[in-house]
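Read the structure below first, then the notes.
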Amino acid sequence: MTSYPTRRTVLTATATATTAAALALGPVPAHAVPTLPNGTSKDKVLVIGMDGLRYDRIAAANAPHLKAMMSEGTFGTSLLYANPMAATSSGPGWSTISTGVWPDKHGVKDNTFTGKKYGQYPGFLARLAQVRPELSTYAAVDWKPLDTQGTVTPGADAKLVLDGDADGYSGHDATIASEAEALIRDQNPDVLFVYFGQSDIVGHNSGAGSQAYLNQIAVQDAFVGRLRAAIKARPGYSTERWTVIVTTDHGHLDAGGHGGSAVEERRTFVLATGPGITAGARPIDTRLVDVVPTVFKQLGITVDPAWGLDGKPIQERSTDPFDALTLSTRTDETGIPATVLGYTHTPPSGWSVINNAMGTGGVTEWHGWSFATDEFWSRTQRDQSRELNVRSRGVFAVADSDEWSDKTFSGTYDSTLVTPAHNVTGKTSVRLDFTTFYRQEGAQTAQILASFNGGTPTAVKSYTSDVISQPQSVSVPVPAGASSVNFRFRYTGSNNWYWVIDGVKVSTS
């Protein structure tokens, strides 16, 4: 929330005073609790947003309720984009959470909200009002742009909108917790979005590495505990199916601040408990866009492909063979912490990498096609757009001639990734679907080739310009008599850019 300057200049003293008052007096709603329409669903969802909450600081905090949720549910962590796609700030972050699409679709790049496309990609409460208007919905926020810009509150049957920038967030967070607690306990809502902003203020003023930040996590954890207790105190709780989701819009530097491309600023998470959500799971393929599909799945709503959502339900496990690979720590890279597991040259069963034309030397991690995680790969060099690899999940394949050439080498980068053979007997067409992220420079080449029955590979697609993390599809006619096909991804270069491949699927018709 960095684009509202008054917030940083006036809130340091205000927030301290408001926190003390809230602790002394206890949270009291500032107005009468609204009357919601009576809910119609036994499936119910509470989404709790905590602004600027670094998930890797929860373990050190007095946060028994968040830790209980981690034990009872699924906790998926991931990294955000960075500029030029969008800043690691609240406008893009909450837009991504609420719409279920990345900034290249919803259009919000910073806290001005310029270019927003909520008409095409509405928030999930607005979408619910369209497809399930009988649901009883509620939203509470104290960062006002989430209401005034139309990010979260449109579609809600009732909303509480407070001004944390003007008044301080601690007291308003407490009011939001009290009102949501009363609504859950005493009325019959179906879907609620509840937002707490003070975690971001403390992150800015004291830093995510501070004790003050841990103390604020404890305050907001207590709010979570009250809301979970209100759910369990409901008269109809035994026959209801409640899902609780906690998430954040961005991280924070240890010293405080966000908006840039540091890994600490890019840290996000989705923590969920509820029916069908595995207890204790730590999936590596979760992304921030997964909140909305998770809400819809828990409500029994089928996602229409025309909505263009980028996410998937958090309980949907990855079947990508890349995600099952055993990863190693760094070898030659020096900018990656020695504890970060993140790469291997060993492909999944049935896959292969052909390096017989590959040059010698170079950085070991990137000698030919490698398999890596977002954190490992994007740490190699900041601000060269590696942060934009948003549609890859978990482990992906990457050919990176730029990083390979950072150590003495000879020859050319020339490496080919080969899929397993797929049966095409009696079929007329074979289709290759995948996600790609490609940056073009100079004379580098990127080709997809098809080989039928082990014959000479034939080029079926070439890339000559940038493709910034997009789904791709290539259909190829099956020659008469062909019984098998494999696809090859060949990349060549010399200190150029890179090519990422993920989510490879082959189908026939």
Legend entry - Over 12 non-hydrogen atoms of neighbours within 6.0 angstrom of NZ in Lys42: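 Atom NZ in Lys42 is packed in, count exceeds 12.
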
Inset, instruction - Check whether more than 12 heavy atoms from other residues, nucleotides or ligands sit under 6.0 Å from atom NZ of Lys67, and answer yes or no. - result: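 More than 12 heavy atoms, drawn from other residues, nucleotides or ligands, come within 6.0 Å of this atom.
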
Does [Y] offer a backbone N or O that forms a donor-acceptor pair with the side chain of [X] under 3.5 Å?
| X | Y | result |
| --- | --- | --- |
| Asp249 | Gly52 | yes |
| Ser261 | Arg382 | no |
| Lys109 | Met85 | yes |
| His258 | Thr88 | yes |
| Asp190 | Gly39 | no |
| Asp110 | Ala87 | no |
| Arg57 | Ala208 | yes |
| Thr373 | Phe376 | yes |
| Thr419 | Phe487 | yes |
| Thr153 | Ala139 | no |

Answer yes when [X] and [Y] have at least one side-chain N-carboxylate O distance shorter than 4.0 Å, and no when they do not.
| X | Y | value |
| --- | --- | --- |
| Arg386 | Asp374 | no |
| Asp323 | Arg393 | no |
| Arg234 | Glu240 | yes |
| Lys105 | Asp310 | yes |

Inset, instruction - I would like to know whether Arg185 and Glu181 meet side-chain contact (heavy atoms from CB on, under 4.5 Å); could you show each step before the answer? - result: CA-CA 6 Å; Arg185 183 187 61 238; Glu181 180 183 28; 3.8 Å; yes

Exercise: do [X] and [Y] side chains pair donor with acceptor under 3.5 Å:
| X | Y | value |
| --- | --- | --- |
| Arg226 | Ser178 | yes |
| Asp104 | Gln470 | yes |
| Ser475 | Arg431 | no |
| Ser318 | Asp320 | no |
| Lys116 | Gln149 | yes |
| Asp51 | Trp94 | yes |
| Ser170 | Asp173 | no |

State, with a plain yes or no, whether a side-chain heavy atom of [X] is found less than 4.5 Å away from one of [Y].
| X | Y | answer |
| --- | --- | --- |
| Val263 | Glu375 | yes |
| Thr151 | Phe113 | yes |
| Leu46 | Val194 | yes |
| Thr247 | Leu271 | no |
| Asp285 | Lys312 | yes |
| Arg132 | Val191 | no |
| His252 | Ser199 | no |
| Thr380 | Tyr498 | no |

Legend entry - Pair Phe269-Phe75, side-chain contact (heavy atoms from CB on, under 4.5 Å): steps then yes or no: CA-CA 7 Å; Phe269 69 94; Phe75 181 44; 3.7 Å; yes

Calculate, to the nearest 0.5 Å, the distance between atoms [atom1] and [atom2] belonging to [X] and [Y] respectively.
| X | Y | atom1 | atom2 | value |
| --- | --- | --- | --- | --- |
| Lys44 | Leu192 | NZ | CG | 9.0 Å |
| Asp466 | Arg439 | CG | CZ | 6.0 Å |
| Ile48 | Ile176 | CD1 | CD1 | 11.5 Å |
| Lys505 | Leu432 | NZ | CG | 12.0 Å |
| Asp290 | Thr74 | CG | OG1 | 11.5 Å |
| Leu80 | Thr96 | CG | OG1 | 7.0 Å |

How far apart are the closest heavy atoms of [X] and [Y], and which atoms are they?
| X | Y | answer |
| --- | --- | --- |
| Leu36 | Ala158 | CD2-CB, 3.5 Å |
| His250 | Ser90 | NE2-OG, 3.3 Å |
| Arg287 | Leu79 | NH1-O, 2.8 Å |
| Gln472 | Val467 | NE2-CG1, 3.9 Å |
| Val108 | Ser95 | CG2-OG, 3.5 Å |
| Gly260 | Glu265 | N-OE2, 2.6 Å |

Legend entry - Candidates Phe396, Phe434, Phe371 - the one meeting ring pair (Phe, Tyr, Trp, His ring centres under 6.0 Å) with Phe322: Phe371

Legend entry - Name of the residue among Val47, Val45, Leu299, Ile245 meeting side-chain contact (heavy atoms from CB on, under 4.5 Å) with Thr294: Ile245

Legend entry - Passing candidate, side-chain contact (heavy atoms from CB on, under 4.5 Å) with Thr286, options Thr77, Thr268, Val270: Val270

Inset, instruction - Provide the full list of ring-ring contact (aromatic ring centres under 6.0 Å, His included) pairs with a residue in residues 297-320, sequence neighbours left out, each pair given once. - result: Phe296-Trp307

Inset, instruction - Evaluate side-chain contact (heavy atoms from CB on, under 4.5 Å) for Ser370 paired with Trp377, printing each intermediate quantity in order. - result: CA-CA 10 Å; Ser370 305; Trp377 184 54; over 6 Å; no

Inset, instruction - Check side chain to side chain contact (heavy atoms under 4.5 Å, CB included) between Ser210 and all other residues, then give those that pass, not counting sequence neighbours. - result: Ser206, Ala212, Tyr213

Legend entry - Phe193/Tyr138 aromatic ring centres below 6.0 Å: no

Legend entry - Stepwise salt bridge (charged side-chain N to carboxylate O under 4.0 Å, His left out) test for Arg391 and Asp502: CA-CA 8 Å; Arg391 289 184 176 85; Asp502 197 25; over 6 Å; no

Inset, instruction - Could you check Gln187 against Val33 for side-chain contact (heavy atoms from CB on, under 4.5 Å), going step by step and ending with a plain yes or no? - result: CA-CA 10 Å; Gln187 298 189 43; Val33 175; 3.9 Å; yes

